[in-house]
Amino acid sequence: MRRYRDFHRESIEQPDAFWRREAARVHWETPFDAVLDRSNPPFARWFTGGRTNLCFNAVDRHLASRAQQNALVYVSTETGIERRYTYADLHAEVNRMAAVMRSLGVKRGDRVLIYLPMIPEAVFAMLACARLGAIHSVVFGGFAAPSLAARIDDAKPMLLVSADAGARGGKVIDYAPLVDEAMSRAAHAPPHVLLIDRQLAPERLDAPYLVHYEPLREQFYDARIPCEWLESNEPSYILYTSGTTGKPKGVQRDVGGYAVALAASIDYIFEGRPGDTMFTASDIGWVVGHSYIIYAPLLAGMTTVMYEGTPIRPDGGIWWRLVEQHKINLMFTAPTAIRVLKKQDPALLHAADLSSLRTLFLAGEPLDEPTATWISDALGKPVVDNYWQTETGWPMLANQGGVEALPQKLGSPGVPCYGYDLVLRDEHTGEPCASGQKGVITLGYPLPPGCMQTVWGDDARFVRTYWESVPGQQVYSTFDWGMQDENGYVTILGRTDDVINVAGHRLGTREIEEAISSHAAVAEVAVVGVNDAVKGQAALAFVVLRDAAAAADPKAADKLATAIATTVDRQLGAIGRPARVHFVSMLPKTRSGKLLRRAIAALAEGREPGDLPTIEDASALQQIREAVNAAGERQGR
Ligand code: AMP
């Protein structure tokens with residue numbers, strides 16, 4: 001581990017020298033004055049005074065040597081559409097989109113909300129923002145209107161870019177009613193919605209704010225829009241993520257630090273080379289999509305494969321056939337997708353020629369040993385788990401093959417990545433843990449380039465939320481539990497907060513509770529995460545009704561439970577929908593009225609919650625136990 005250890009140590013002890021070297025991976029129109037400004041902790045400013053542009057580095061810079069190489073391969077098994085864009089094509093499309101946006105008033109520093117399905121125009125729109133110096137904020141297409149409206153009001157965008165419809169599993173999802181509702185709910189609705197019309201939705205959206213993309217694209221077909229040279233620390237994007245409160249946080253990222261971090265990561269962690277093809281099966285609405293569908297592969301001059309569809313439609317062999325057809329070298333997805341594929345006919349995997357594939361990367365949720373072993377045996381290729389979060393933008397823990405190939409430890413995403421001063425700390429004392437002792441995963445100041453700069457519009461929240469939760473230390477908390485062995489390998493042991501992880505997506509239980517509370521019949525609710533064999537975790541809701549008689553007979557109870565779950569679809573989006581809604585007459589609380597969430601979660605998983613000396617009424621526990629058992633019996637467990 002010598003090479004790895006030296007490399008990591010240098011990145012922590014001599015960050016200036018380390019990152020100055022890495023910064024050479026990026027084009028700087030104006031060189032930076034200093035590598036790191038640490039005058040205002042916990043804020044860090046990387047490459048101050050340097051001017052660069054993410055779009056220039058991802059697109060324009062490659063025109064000289066790889067204009068005719070594919071930059072973006074788009075495959076939709078929902079619509080049957082397949083498109084290829086060379087770097088020259090991508091450059092032309094991004095210029096058109098940038099010209100259209102500019103004609104609608106978008107300029108440097110303005111926010112643009114992107115609410116789109118997985119279509120190439122989403123990539124054009126993000127890169128066009130980067131080109132103009134506008135700040136994109138992509139909202140996952142599965143979020144419902146109130147969630148979209150809340151993000152509009154926080155980001156106050158100049159423009160919303162949307163489409164007529166998305167598609168999933170063969171079903172068309174009409175965006176028009178969602179956009180319309182969000183526009184009327186939002187206090188800061190933008191003047192225009194730029195509509196990409198896929199001709200999928202049965203009804204055409206018609207509203208005064210609507211501007212159609214296609215005719216404008218024609219109008220600006222030959223447009224050339226220069227890249228805005230941004231100071232390294234100007235914001236590039238905002239990406240909202242869930243936390244312990246109902247209000248999502250806008251994770252804000254810079255320009256220069258992000259470019260350097262991603263360019264380094266694709267080399268050291270992913271071992272991607274210019275000309276390679278990478279298939280990241282995620283969504284542009286998540287951080288993995290931002291970093292590893294779009295920016296990192298393009299910064300590195302690779303070909304990126306963008307996929308709309310599920311891993312099992314038309315059948316469970318589709319991803320493996322994509323590997324064969326497009327000679328994919330690197331693949332990246334979440335463990336949930338692999339657990340889904342594990343249930344498919346293995347012949348589908350073995351029928352494909354996977355010789356181009358070098359490595360499969362997995363992240364977003366814990367990778368269990370059976371899944372890891374199954375997929376690496378089935379593929380006969382290395383599988384690399386990596387641990388990070390929206391806030392960091394790139395992996396914190398991984399086996400970094402481009403630094404030194406280390407032995408794999410099943411059940412652990414590996415060792416701390418260069419740049420991260422990752423320390424496990426005792427939750428009560430804040431002191432570093434001994435090896436083998438469970439602690440909170442923290443990061444020392446400064447966070448490396450590419451990590452969040454602040455919470456959009458709320459520096460105080462950034463400091464309070466992330467830097468003041470470990471006693472006596474000004475360190476960044478990941479809100480994850482972990483344990484480190486004597487060789488430095490870390491195992492992730494779940495969240496320290498009330499955030500759950502369903503199929504690799506982070507959901508705040510508070511957000512789901514707020515959505516459920518908006519149903520008229522609900523007096524009180526607790527949402528907890530429980531183990532799920534496929535999705536990692538599933539959300540369960542325990543509801544106290546205003547009128548208990550409403551769920552007196554099983555039929556009425558089932559109907560009401562469905563209605564309550566559907567409220568979540570409408571308020572938050574289907575990703576937040578609880579797997580089950582249970583009715584109880586009271587929730588376990590402390591005498592001071594605090595919900596005993598961990599106790600509820602334990603009971604829901606069939607474990608005993610242990611001693612609860614502060615509980616107000618212990619019979620509430622019995623109710624949870626009974627509700628879970630009754631549901632198990634009904635399901636024939
Ligand atoms: P998100 O910001 O939505 O990507 O969620 C980040 C959270 O997902 C982390 O804080 C962890 O709780 C979890 N997570 C991400 N990657 C891994 C991994 N490789 N192993 C275990 N948990 C992970």
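Counting starts at 1 for both ligands and their atoms, in listed order. Any value given below was found using the heavy atoms of this structure, including those in side chains, with hydrogens, waters and symmetry copies removed.
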message: Which residues pass the side-chain contact (heavy atoms from CB on, under 4.5 Å) test with Leu493, not counting sequence neighbours?
response: Lys438, Trp481, Met483, Thr491

message: Going by side-chain contact (heavy atoms from CB on, under 4.5 Å), name the residues that satisfy it together with Ala378, two or more places apart in sequence or in a different chain.
response: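 Checked Ala378 against side-chain contact (heavy atoms from CB on, under 4.5 Å); matches are Leu349, Trp374.
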
- prompt: For Val463 and Pro42, which heavy atoms make the closest approach, and how far apart are they?
  reply: CG2-CG, 4.0 Å

query: Can the positive tip of Arg5 be found less than 6.0 Å from the middle of the six-membered ring of Tyr418, inside 45° of the ring normal?
result: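 Ring-cation test returns no.
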
- prompt: Among side-chain atoms of Glu22 and Tyr268, is any donor-acceptor pair under 3.5 angstrom?
  reply: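 Checked: Glu22/Tyr268 side chains pair up, N/O donor to acceptor below 3.5 Å.
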
task: At a heavy-atom distance under 4.0 Å, which protein residues reach ligand 1? Sort them by chain and number, would you?
output: Gly364, Glu365, Pro366, Asp385, Asn386, Tyr387, Trp388, Gln389, Thr390, Asp480, Ile492, Arg495, Asn501, Arg506

Kindly list each side-chain donor-acceptor pair under 3.5 angstrom involving residues 532-542, sequence neighbours excluded, with atom names and distances?
from   : atom 1 : to     : atom 2 : distance (Å)
Asp532 : OD1    : Val534 : N      : 3.0
Asp532 : OD1    : Lys535 : N      : 2.7
Gln537 : OE1    : Asn501 : N      : 2.8

